[in-house]
Number of protein chains: 2
Amino acid sequence: MDDIDRSLVRLLEQDARRTYHELSKDVRLSANTVADRVRRLRASGVVRGFRAEVDPAALGRALTMVSDIRLREHVDRTAFEHGLRSVPQVVAGARLTGEYDYQLRLACVDPAEFETVVDLLKRDHGVRELRSRLVLHDIEVDASGLLDLA
Amino acid sequence: MDDIDRSLVRLLEQDARRTYHELSKDVRLSANTVADRVRRLRASGVVRGFRAEVDPAALGRALTMVSDIRLREHVDRTAFEHGLRSVPQVVAGARLTGEYDYQLRLACVDPAEFETVVDLLKRDHGVRELRSRLVLHDIEVDASGLLDLA
DNA sequence: AATGAAAGCACACTGGT
DNA sequence: ACCAGTGTGCTTTCATT
């Protein structure tokens, strides 16, 4: 993990489809060596993958909610997590410690759709309680800061 | 937004570096047409970009916290958001409605590091109150569900 | 780890259906 | 919207340091 690897990760974070040849000009190494380094970053797990980023707003889902969730007693957590796959509005989720069991991020067309999702989660997925709020906007953060300390 | 576009987005979500030629075999169109479609998806904003995904745990930061934050009075929100760029542990953030002003995601090496981040946010970034909990694990969700309804 | 050379591929264009 | 052909540029492998 040297400076060059850090630069490569930063560049690929901005555009994962940059060619090795382009990257090589930025870091002043041969395209060959760049390809080697990127393969190593992937193999070591530092770079988990290259993903297309989808914008829910461009698909008409401009309303994003964050919902803390408490499950009913005796609800199997694995089943709950797996069941979320059938709810297309769920765009992210995590199990947390503390007062609530999970936190979900829900991308909805409008409040009416959010309402149906809330009802669905309560009726079919073992959700006992929700505490939701609206996402006003996301803060852009690059992951390159993490690299500085590694 | 037809079935083929949906497939392409799904495939590029899994691996954003797939070549147009590879994609063309999956969707049974020419590489050319696939490139056209991907360009259109990008131009329309549905695909916002292609990003390398970095794994904090592979860099020794296995402790991820979610922190709800309330700012002190008279703290400028733009300044706060901009100032977060200098805190490398901040890997995501959003402004929310409700009881708290923001929610951050903090990737830390250990509790001691988290403690220093908490102190830093309070001392230098106008944070009045934090409510934090540990991320036990993230739930894997693909964004392709969003596409089904568009 | 890094490099250059060369073969094989992929990409962007153009033009055509 | 889709495809084929072409020139150019990119990726990969191998030999070398």
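The chains referred to below are lettered A, B, ... by the order of the sequence lines, with proteins before strands, and numbering in each begins at 1. As the structure is a computational prediction, the values presented were derived from the model and not from experiment.
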**Request:** To the nearest Å, give me how far apart CG (B:Leu41) and C1' (D:dA1) are.
**Result:** 14 Å
**Message:** Please check: side-chain N/O of B:Thr97 versus main-chain N/O of A:Leu134, any donor-acceptor pairing under 3.5 Å?
**Reply:** yes
**Request:** Find the distance A:Glu22:CD to D:dG9:P and express it as a whole number of Å.
**Result:** 12 Å
**Minimum-distance nucleotide to A:Tyr20 side chain [options: D:dT12, D:dC10, C:dA12]** = D:dT12
**Selection from D:dA1, D:dC3, D:dT13 that lies nearest to any side-chain heavy atom of B:Asn32** = D:dC3
**Message:** So, OP1 or OP2 of D:dG9: does either fall under 4.0 Å of a side-chain N or O from A:His21?
**Reply:** no
**Complete:** Picking from D:dC2, C:dA10, C:dT3, the nucleotide nearest the side-chain atoms of A:Ser30 would be C:dT3
**Item:** Minimum-distance nucleotide to B:Arg40 side chain [options: D:dC2, D:dT11, C:dA2]
**Value:** D:dC2
**Prompt:** Between B:Arg17 and A:Tyr20, is NZ or CZ placed under 6.0 angstrom from the six-membered ring centre and within 45° of the ring axis?
**Reply:** yes
**Asked** How close or far is atom P of C:dC11 from atom CG of B:Leu23, stated in whole angstroms?
**Response** 8 Å
**Closest nucleotide among C:dT3, C:dC11, D:dC2 to the A:Leu29 side chain** = C:dT3
**Asked** Between the axis at one end of the helix from C:dA1-D:dT17 to C:dT17-D:dA1 and the axis at the other (five pairs apiece), what's the angle to 10 degrees?
**Response** 40°
**Message:** Using a 6.0 Å cut-off, check whether atom NE2 of A:His82 has over 12 heavy atoms from anything other than its own residue.
**Reply:** no
**Request:** Indicate the ring-plane relationship of A:Phe80 and A:Tyr102, choosing parallel, tilted or perpendicular according to the 30° and 60° boundaries.
**Result:** tilted
**Prompt:** If only side-chain N and O atoms of A:Thr33 are considered, is one of them under 4.0 Å from the OP1 or OP2 phosphate oxygen of C:dT3?
**Reply:** yes
**Message:** Can you measure B:Asp3 atom CG to D:dA1 atom P for me and round it to whole angstrom units?
**Reply:** 15 Å
**Asked** Hey, any chance A:Leu130 and A:Tyr100 share a hydrophobic cluster, counting ILVMFWY side chains that come within less than 4.5 Å of each other, even indirectly?
**Response** no
**Asked** At under 4.0 Å, does any side-chain N or O of B:Arg39 touch on OP1 or OP2 of C:dA12?
**Response** yes
**Asked** Is the number of heavy atoms from other residues, nucleotides or ligands within 6.0 Å of CD (B:Glu115) greater than 12?
**Response** no
**Item:** Phosphate OP1/OP2 of C:dA10: any B:Arg18 side-chain N/O under 4.0 Å
**Value:** no
